[in-house]
Amino acid sequence: MTVTVRTLKDSVDHEVELKGWMYNRRGSGKLLFLQVRDGTGIVQVVVNKKDVPEPVFETAKRIGIESSIIVRGRVTKDDRSALGVELQCSDLSVIQEVHDYPIQITEDVPNIDKLLDKRHLWIRSRVPNAILRVRSEVVQAIRDFYYQRGYVLFDAPMFTPASCEGSSTLFEVPYFDATAYLSQSGQLYGEAGALAFGKVVVFGPTFRAEKSKTRRHLTEFWMVEPEVAFLELDGVMDLAEQQIQYVVGRALERCAEELKVLERDTAILQQVSKPFPRISHAEAQVVLAKLKAEFAASGNEELQKLSNDILKSGPDADLGAADETVIGMHFKQCVMIHRYPRHVKAFYMKGDPADPTKALCVDVIAPEGVGEIVGGSQREDSLDELLKQIEHHKVPMESVEWFVDLRRYGSVPHGGFGMGVERCVQWITGCQHVREAIPFPRTIYRLNP
RNA sequence: UCCGCUGUAGCUCAAUGGUAGAGCAUUCGACUGUUAAUCGACAGGUUGCUGGUUCGAGUCCAGCCAGCGGAGCCA
């Protein structure tokens with residue numbers, strides 16, 4: 001019977017066949033311990049010299065890391081093994097013998113660039129393997145969340161005629177005799193979908209040519225963007241909160257093994273089930289000013305340094321990276337900041353009727369230094385206001401003419417948000433860099449492998 | 001685009017301007033319960049590139065290249 005490591009516990013005392021790769025070997029002259037991985041986990045295979053034919057023992061002793069093998073033997077319970085069970089080898093055959101595998105089995109990630117050159121092999125190792133399994137669960141949880149709530153999956157195009165937000169730098173692509181741009185957001189198309197289906201979700205890759213070199217940026221990343229007709233700002237915040245709670249909850253529930261491999265302290269993740277604090281940008285300024293003063297007087301060198309970076313862009317500006325970090329430190333859970341100054345936000349966001357200088361928008365800040373994982377808003381639904389904003393933000397009218405149509409024919413209040421999948425996975429897994437949260441990361445200086 | 005940092009063996013890192021070294025990995029050997037096994041041995045180098053200063057440069061200087069972290073921008 002062919003089995004997998006994940007379900008090996010069900011086969012105790014049975015003769016089984018396991019197909020996989022040798023992950024590591026320890027042992028002595030007459031007893032070998034092969035760590036064998038099969039993609040679902042790692043099991044210790046015990047090769048006892050007196051239990052196998054001489055050539056089998058010699059093979060087990062000789063083959064190098066990542067040799068592909070088929071092992072046959074009996075599954076036994078053993079508390080000394082991390083898995084709880086072991087495989088007592090009776091036979092072993094080699095599919096391909098390897099002796100020069102270029103990656104070492106090591107716990108730390110010292111030079112990520114060299115490992116990323118070997119990303120196609122590195123993903124076999126425990127830590128990246130666990131992170132990508134969490135990513136898989138996160139993506140499935142997102143799909144389930146929206147499917148269960150009756151959202152229509154609405155795919156937006158990757159080739160677009162022009163910028164949707166006007167601010168980010170776009171990748172240009174030759175498109176026959178014209179120039180196309182890779183999509184940086186499916187949102188405008190999501191709005192068309194919301195007016196057609198009521199509730200839609202756009203889910204796919206997005207591309208940004210920002211020359212950012214930080215642990216939070218990729219040039220290609222996945223974004224989930226729900227868009228809902230008749231949903232106003234409070235509803236957008238409710239939806240974002242529920243979706244994050246669902247996704248993190250699923251990861252905690254179904255990825256316990258992976259989070260253990262990653263040595264993730266899940267205490268802060270558990271906090272996600274509580275309501276997220278909701279503060280306005282103006283209220284955030286007050287909190288930040290107070291923390292700035294506290295940190296400056298703390299006597300702690302690091303905090304004093306951080307203090308200098310708090311609110312450095314001024315009171316009427318967007319929050320900086322330090323501001324987000326500090327907010328996360330202060331609340332120790334996800335925080336929603338709403339009603340930013342309108343002039344720092346995109347043209348399609350609706351002004352606050354109570355204060356037209358503010359936008360009806362919300363960012364969700366994840367704790368532990370991850371920063372913004374969600375940005376959303378109620379959209380401008382008035383034709384006249386939208387035309388004014390388009391002119392003010394200097395958005396080329398010819399490329400958004402179709403979008404303006406949405407305000408001419410049955411416009412309604414509506415809203416939505418976008419969540420970066422990799423940042424979400426980065427937070428859940430606690431990995432240092434967002435590029436570890438995607439199989440083959442694309443950054444400003446990396447297009448390979 | 002700007003600011004800062006790094007580049008030495010396959011990997012991680014040492015080396016006051018004076019003989020380039022260690023641990024891990026590889027290879028060989030020992031070991032019947034190892035958990036990143038341990039122990040012994042062999043092997044492994046145009047110190048990112050180009051030029052300069054010097055009796056002498058891995059080390060100091062200049063330029064270039066590659067990468068990392070951050071700012072801005074953003075998810």
Side-chain angles (χ1 to χ4, degrees), chain A residues 23-35 42-51 57 61-62 64-65 78-83 86 88 98-118 122 125-127 165-169 184-187 205-225 240 305 308-309 312-313 317-322 324-325 344-346 363-366 370-376 417-427 432-435 437-438 443-446:
Chain A
Y23 191 71
N24 200 3
R25 176 180 48 222
R26 294 180 285 271
S28 64
K30 291 167 185 165
L31 189 61
L32 300 173
F33 303 100
L34 311 186
Q35 312 301 315
I42 297 174
V43 67
Q44 174 154 288
V45 173
V46 184
V47 188
N48 196 323
K49 192 165 186 171
K50 69 178 168 54
D51 293 341
F57 190 82
K61 199 171 175 177
R62 186 185 68 239
I65 284 169
D78 199 312
D79 295 335
R80 287 171 294 192
S81 149
L83 195 66
E86 292 182 336
Q88 306 296 327
V98 174
H99 284 284
D100 53 355
Y101 189 64
I103 294 181
Q104 277 183 64
I105 307 300
T106 160
E107 295 294 303
D108 39 75
V109 184
N111 187 340
I112 191 153
D113 190 49
K114 294 223 165 91
L115 285 170
L116 281 170
D117 283 340
K118 303 284 182 204
W122 185 32
S125 301
R126 288 170 79 102
V127 165
E165 307 203 5
S167 55
S168 296
T169 322
Q184 61 172 340
S185 164
Q187 188 213 304
T206 52
F207 308 89
R208 299 198 183 171
E210 297 156 3
K211 294 188 172 174
S212 299
K213 289 187 290 182
T214 81
R215 68 172 78 111
R216 302 185 310 281
H217 288 87
L218 296 167
T219 55
E220 175 181 335
F221 66 97
W222 282 64
M223 189 150 69
V224 55
E225 297 173 284
K305 214 171 150 191
N308 292 332
D309 290 333
K312 68 176 180 186
S313 308
D318 207 347
L319 298 181
E324 292 182 354
T325 302
V344 302
K345 290 293 180 179
D363 283 357
V364 179
I365 310 297
V370 174
E372 185 179 352
I373 59 170
V374 161
F417 65 84
M419 182 184 80
V421 170
E422 289 75 15
R423 284 195 185 168
C424 184
V425 173
Q426 180 188 11
W427 176 48
Q432 279 302 301
H433 199 296
V434 70
R435 71 190 148 201
I438 187 168
T443 57
I444 173 168
Y445 293 128
R446 180 170 293 282

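Every chain is numbered from 1 and lettered A, B, ... according to where its sequence line falls, protein lines coming before strand lines.
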List in chain and number order the residues that pass salt bridge (Lys or Arg N to Asp or Glu O under 4.0 Å) with Asp117(A), two or more places apart in sequence or in another chain; answer none if no residue qualifies.
Arg446(A)

Would you sketch RNA chain B in dot-bracket for me? Only Watson-Crick or G-U wobble pairs with both distances under 3.5 Å count, crossing pairs as [ ], other-strand pairs as |, the rest as dots.
(((((((..((((....[..))))..((((.......))))......(((((..]....))))))))))))....

Strictly under 4.0 angstrom, non-hydrogen atoms only: write out the protein contact profile of nucleotides 25-30 of chain B, one letter per nucleotide from the 5' end, B, S or -.
SSS---

In chain order, what residues pass the side-chain hydrogen bond (donor to acceptor under 3.5 Å, both in side chains) check against Glu220(A), with sequence neighbours excluded?
none

Please write out the pairs of protein N or O atoms and N or O atoms of nucleotides 39-41 of chain B separated by less than 3.5 Å, giving the distance to one decimal.
none

Which residues pass the side-chain hydrogen bond (donor to acceptor under 3.5 Å, both in side chains) test with Glu372(A), sequence neighbours left out?
none

Can you give me the N/O atom pairs linking the protein to nucleotides 63-65 of chain B at distances under 3.5 Å, or say none if there are none?
none

Mind checking side-chain hydrogen bond (donor to acceptor under 3.5 Å, both in side chains) for Ser28(A) and listing every partner two or more places apart, or none if nothing turns up?
none

Could you go over nucleotides 1-3 of chain B and give all protein N or O partners under 3.5 Å, atom names and distances?
{"residue": "U1(B)", "atom": "OP1", "partner": "Lys211(A)", "partner atom": "NZ", "Å": "3.4"}
{"residue": "U1(B)", "atom": "O4", "partner": "Lys211(A)", "partner atom": "O", "Å": "3.2"}

Holding to side-chain contact (heavy atoms from CB on, under 4.5 Å), I want the full list of residues that pass it with Lys30(A), two or more places apart in sequence or in another chain.
Lys49(A)

With sequence neighbours left out, the residues meeting side-chain contact (heavy atoms from CB on, under 4.5 Å) with His433(A) are Arg215(A), Arg435(A), Glu436(A)

Sequence neighbours left out, what passes side-chain contact (heavy atoms from CB on, under 4.5 Å) with Ala321(A)? Give chain and number order.
Arg216(A)

